[in-house]
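This report concerns only the one structure given below.
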Amino acid sequence: MTEKLSIPSRKQTIEENLRFIRARIREAAEKSGRSEKDVRLMAVTKTVEPVFINHAIACGIDLIGENKVQEFLGKQEYLNLDGVEAHLIGHLQTNKVRQIVPHVSMIQSVDSLKLANEIEKQCAKIDKVMDCLVEVNIAGEENKTGLPPEELEPLLAEMAKMEHVHVRGLMTVPPICPEKEKLCAYFQKMHAMFVDIGHKNIDNIDMQILSMGMSSDYVEAIECGANLVRVGSSIFGPRLY
Ligand SMILES: *Cc1c(COP(=O)(O)O)cnc(C)c1O
């Protein structure tokens, strides 16, 4: 259906979707004793054409997330990124690190020492300190990106020593859970780790950002303490691969 909509009507839909999402974010934030300003909305722009990304930016989006290095580098020159931050949120291969580090302000998907080392090395070359989130595979699912929870603290201990890597928090993509209780248990477990590690006051490890919640579950994630939600299809419509 969506592919048949004209560009103006898709733009209008994006605007309406953003209004609706912001209202739900406000409600969920208030329910968890915070204000909507405490929760940052990222527009996830994978597979979305620049014209629509630019429209979301015109509607106030100041943070976009892309999954793939090649796709982002190809689209970048068509985007109005003035005052807009771009984060990498997808699995990153070490051989792509050099290409992406000049172009993003954060990598949310750090899940191995090998990757962190490569970010350190490539950022040292361009004299940049990269903000990073460590991606946690909270349910320990097989064949899934992210670090098992028990490996988190050892990795943080190594990343703490890196001069061009600054850990700013944690990210997760939980399993698909039809039952809300189970989903919230994963989000709560993430929030507990986020708070616990924050209390340890490790040098160069700041627990400021808890990135969790996508189109299907951002309300629950915020209620459980997320302060950055990554929303794609609820803004732009279903993805056409
Ligand atoms: C695609 C993607 C999202 C957004 O997914 P939607 O369900 O479309 O909101 C969020 N985070 C990551 C890591 C993604 O790959």
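On a predicted model such as this, the values are computed, not experimentally measured, just so you know. By convention here, the first residue in the shown sequence is residue 1. Just so you know, ligand 1 is whichever comes first in the structure, and atom 1 is the first atom listed for that ligand.
- Looking only at protein heavy atoms, the nearest one to atom 11 (N) of ligand 1 is R230 NE, 2.9 Å.
- Using a 4.0 Å cut-off between charged nitrogen and carboxylate oxygen, K144 and E141 count as a salt-bridge pair.
- Annotation: atom 5 (O) of ligand 1 to nearest protein heavy atom, M214 CE, 3.6 Å.
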Under 3.5 Å donor-acceptor pairs involving side-chain atoms of residues 148-157, not counting sequence neighbours:
residue: E153; atom: OE1; partner: K200; partner atom: NZ; Å: 2.9
residue: E153; atom: OE2; partner: K200; partner atom: NZ; Å: 2.9

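- Between E66 and K46 there is no salt bridge, since none of the side-chain N atoms of the basic residue sits less than 4.0 Å from a carboxylate O of the acidic one.
- Cation-pi contact between R10 and F52: present, with separation from the ring centre below 6.0 Å and deviation from the ring axis of at most 45°.
- Ion pair R40/D62 flagged as a salt bridge, since at least one NZ, NE, NH1 or NH2 atom sits closer than 4.0 Å to an Asp/Glu carboxylate oxygen.
- For the pair R239 and ligand 1, the shortest N or O to N or O distance falls below 3.5 Å.
- Atom NZ of K31 has 12 or fewer heavy atoms from other residues, nucleotides or ligands within 6.0 Å.
- Residue-ligand proximity, V231 to ligand 1, at heavy-atom distances under 4.0 Å covers atoms 9 (O).
- Residue contact annotation: Q108 has no non-hydrogen atom under 4.0 Å from ligand 1.
- Between S233 and ligand 1, at least one pair of N/O atoms sits closer than 3.5 Å.
- Distances below 4.0 Å separate heavy atoms of N67 from the following atoms of ligand 1: 14 (C), 15 (O).
- Close approach of ligand 1 to S215 (heavy-atom distance below 4.0 Å) involves ligand atoms 6 (P), 7 (O), 8 (O), 9 (O).
- Taking atom 2 (C) of ligand 1 as the reference point, the nearest protein heavy-atom neighbour is K46 NZ, 2.5 Å.
- With respect to the salt-bridge test (charged N to carboxylate O, under 4.0 angstrom), the residues D131 and R168 qualify.
- Atoms of ligand 1 found under 4.0 Å from any heavy atom of I89 (numbered from 1 in listed order, with element): 11 (N), 12 (C), 13 (C), 14 (C).
- Those atoms of ligand 1 with a heavy atom of G232 less than 4.0 angstrom away are 4 (C), 6 (P), 8 (O), 9 (O).
- A distance-only check finds a donor-acceptor pair linking the side chain of K75 to the backbone of T45 [under 3.5 Å].
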